[in-house]
Amino acid sequence: MFQVIGKSVISLEVNEEKRDVTIEPSDTLLHTLREQLGLTGAKPGCENGDCGACTVLVDGWPIKSCLMLTAEAVGHRITTVEGLKNAPIQAAFVENWGFQCGYCTSGFLMVCHALSQIHPDAEEIVMEEWLQANICRCTSYEEIRNAVNVILHCSDSP
Amino acid sequence: MIPMKFDYYRPDTVSEAVKIYGQLDSEGKRPLYYGGGSEIISMARMNNLDMGAVIDLKGIPECRELKTDGDHLVIGSSVTLSDITEADLFPLLSKACGRIADHTMQCKITVGGNICGTIIYKEALLPLLLSDCTVLIAGAGHLKKVSVHRLFHQGLNLSPGEFIVQFLVEKKYAALPYFHIKKTKNEKIDYPLISLCAVLEEGSFKLALSGLCGFPFRSVRMETELNRRDVSPEERVRNAVNLMPGPVLNDVSGSDRYRLFVLKNTLMNLGKELEG
């Protein structure tokens with residue numbers, strides 16, 4: 001049985017690297033990524049699972065890191081926006097002006113990247129369902145939709 | 001940031017989970033079983049929970065199973081809502097799970113967590129009530145099978161230390177013609193004003209509802225009225241609506257009168273949708 005009792009050192013797999021971190025069992029993944037690993041791409045927004053600014057990928061699926069304990073992430077692959085490394089969705093956001101202030105951008109990028117990997121031929125309704133998990137206060141929704149459409153239905157998408 | 005301290009355990013087996021619960025409970029640690037954890041973390045962040053330990057059930061293989069086994073579907077309690085919608089083994093359950101919270105949250109929320117949490121709507125339960133499924137429950141010294149109607153009737157009937165391992169659904173229920181609708185006050189992603197699941201089995205409706213009372217329910221009395229053929233559709237619906245099993249919710253999302261108005265219209269459409 002895996003257990004974390006009190007302050008402990010655990011190993012995480014983040015962006016294809018093994019990283020040791022010192023955590024409390026009650027620490028959220030968002031807090032650990034930012035405060036322990038300096039990966040500030042995941043943003044604290046509502047910290048209540050509503051805004052999506054803190055979204056990361058866990059085993060390839062989007063997860064709001066404010067609602068995941070760091071201890072839960074042990075044994076799973078975590079990808080943050082820092083781990084995307086010039087994924088097609090990043091270029092598509094730039095080319096389609098898919099952001100204004102940028103605070104929500106990393107969360108949107110993670111959801112869009114996961115969608116393109118899991119459902120590369122996703123129809124409009126699926127795209128809408130996935131993207132409704134994130135909020136952009138600058139309302140760049142149309143531009144974000146255009147960016148996602150560039151990478152979906154694209155056979156050479158990695 | 002969670003302002004309280006607790007310990008984290010992820011057992012590998014059902015018996016390990018039950019054992020560690022008993023041990024932590026006897027030590028006064030007030031343990032909580034932990035599924036997806038979204039509600040526990042949200043409440044802990046607001047200091048609305050007081051537990052000394054969480055026991056994460058996602059490490060138990062039986063709780064993660066999602067498969068067909070002979071005449072049954074096996075749905076582990078730690079299966080996420082998105083696992084269910086992606087696999088689509090039980091289309092009505094997929095529909096219901098696909099309308100709970102948002103898609104990213106569906107990747108975290110588990111079916112067991114949706115049903116055992118404190119949020120009253122428990123929309124994943126509706127298709128399970130309609131399938132009359134069996135629930136495998138683990139507790140101190142026992143692993144028992146009970147009807148879903150025994151697990152939940154106007155409230156959850158789990159004893160301290162017990163947790164749901166699996167739901168066992170007869171495959172025939174997954175193939176029935178179905179109807180699902182969720183109506184909210186404004187936004188698509190919200191708690192339900194009304195969430196309705198129905199199936200047509202051998203010419204008769206079965207109906208389960210959430211958002212109307214302080215608990216989700218299936219009402220055989222309402223079904224009986226809706227299935228009468230000796231009165232007009234309008235009268236059937238009027239009679240069924242008069243058989244609500246509890247007070248109708250009356251809050252900022254919708255008054256009781258409005259919820260009943262929406263229910264009546266929805267039930268009128270139900271007959272047209274399922275009977276063609």
Side-chain angles (χ1 to χ4, degrees), chain A residues 1-8 10 23-32 34-35 44 46-52 54-72 74-76 107-108 110-111 114-115 118-119 125-135, chain B residues 1-13 15-17 19-20 23-24 27 29 34-47 49 51-60 78 80-83 85-86 98-99 101-109 113 187-190:
Chain A
M1 175 164 56
F2 174 71
Q3 55 193 47
V4 184
I5 300 170
K7 189 171 267 193
S8 308
I10 60 161
I23 63 158
E24 289 283 350
S26 57
D27 284 348
T28 61
L29 182 60
L30 172 64
H31 180 264
T32 302
R34 292 179 60 85
E35 303 299 325
C46 65
E47 294 198 57
N48 196 44
D50 295 321
C51 74
C54 66
T55 303
V56 300
L57 305 188
V58 177
D59 298 331
W61 290 86
I63 293 288
K64 295 179 182 181
S65 59
C66 70
L67 290 185
M68 182 170 193
L69 298 176
T70 308
E72 279 184 270
V74 172
H76 297 280
F108 267 106
M110 301 315 290
V111 171
L115 175 63
I118 294 167
H119 292 299
I125 189 161
V126 176
M127 179 171 71
E128 275 191 23
E129 282 171 2
W130 281 56
L131 267 63
Q132 279 169 347
N134 294 59
I135 294 170
Chain B
M1 194 79 171
I2 299 174
M4 57 189 287
K5 292 191 188 302
F6 53 83
D7 295 328
Y8 174 89
Y9 297 83
R10 192 197 300 161
D12 300 315
T13 64
S15 56
E16 225 173 42
K19 187 176 170 192
I20 193 66
Q23 181 188 319
L24 292 166
E27 292 169 4
K29 289 277 185 71
Y34 185 98
S38 53
E39 186 180 314
I40 290 178
I41 293 176
S42 297
M43 292 178 73
R45 189 177 65 82
M46 301 296 287
N47 245 333
L49 267 185
M51 75 283 192
V54 296
I55 301 169
D56 188 349
L57 301 175
K58 296 192 291 293
I60 301 171
S78 293
T80 65
L81 305 184
S82 67
D83 287 338
T85 54
E86 290 285 332
R99 288 298 312 276
D102 62 50
H103 180 269
T104 302
M105 291 303 298
Q106 290 160 18
C107 297
K108 191 74 167 54
I109 298 169
E187 305 292 333
K188 185 176 177 189
I189 298 167
D190 199 354

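Chain identifiers are assigned alphabetically (A, B, ...) following the order of the sequence lines, protein sequences preceding nucleic acid strands; residue numbering begins at 1 within each chain. Note that the structure is a prediction, hence the values are computed from the model and not measured.
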Requested in this report: Under the side-chain contact (heavy atoms from CB on, under 4.5 Å) rule, what do D102(B) and K64(A) come out as? Steps first, then yes or no, please.
Outcome: CA-CA 11 Å; D102(B) 62 50; K64(A) 295 179 182 181; 2.6 Å; yes
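Residues H103(B) and Q132(A) are not in side-chain contact: their nearest non-hydrogen atoms beyond the backbone lie 4.5 Å or more apart. When side chains are defined from C-beta on, E24(A) counts as touching K5(B), because their heavy atoms get closer than 4.5 Å. Residues Y9(B) and I5(A) have side chains in contact (heavy-atom distance under 4.5 Å, counting atoms from C-beta outward). A 4.5 Å side-chain heavy-atom check between H31(A) and I2(B) finds every atom pair outside the cut-off. Using a 4.5 Å heavy-atom threshold, the side chains of E86(B) and H119(A) count as touching. A heavy-atom distance below 4.5 Å is found between the side chains of L69(A) and F6(B). At least one side-chain heavy atom of V74(A) sits less than 4.5 Å from a side-chain heavy atom of R10(B).
Here CD1 of I60(B) is found 10.0 Å from CE of M1(A). Values are rounded to the nearest 0.5 Å. The line from CG of D50(A) to OG1 of T104(B) is 12.0 Å long, rounded to the nearest 0.5 Å. Considering CG of L67(A) and CD1 of I40(B), their distance stands at 11.5 Å, rounded to 0.5 Å.
With a threshold of 4.5 angstrom between heavy atoms, W61(A) approaches chain B through side-chain atoms but not through N, CA, C or O. When heavy atoms are compared at a cutoff of 4.5 Å, V111(A) approaches chain B solely by way of its side chain, counted from C-beta outward. Proximity to chain A (any heavy atom under 4.5 Å) is restricted, for I20(B), to the side chain, taken from C-beta onward.
Salt bridge present: K108(B) and E72(A) bring a charged side-chain N and a carboxylate O closer than 4.0 Å.
Take S82(B) and apply the side chain to side chain donor-acceptor pair (under 3.5 Å) test, not counting sequence neighbours, and it matches T80(B). Looking at residues two or more places apart in sequence or on another chain, you find a side chain to side chain contact (heavy atoms under 4.5 Å, CB included) between T13(B) and S15(B), E16(B).
The main-chain N or O of M1(B) is found under 3.5 Å from a side-chain atom of E47(A) such that the two form a donor-acceptor pair. Listed for the R45(B) side chain is no donor-acceptor partner under 3.5 Å among the backbone atoms of C66(A). Distance alone, capped at 3.5 Å, is enough to place a donor-acceptor pair between the S26(A) side chain and the M4(B) backbone.
Closest approach of C107(B) and P62(A) over heavy atoms only: CB-O, 3.4 Å.
For the options G98(B), S42(B), A101(B), heavy-atom pairs under 4.5 Å to chain A are most numerous at S42(B).
Ring pair Y8(B)/F2(A) is perpendicular by interplanar angle, where above 60° counts as perpendicular and below 30° as parallel.
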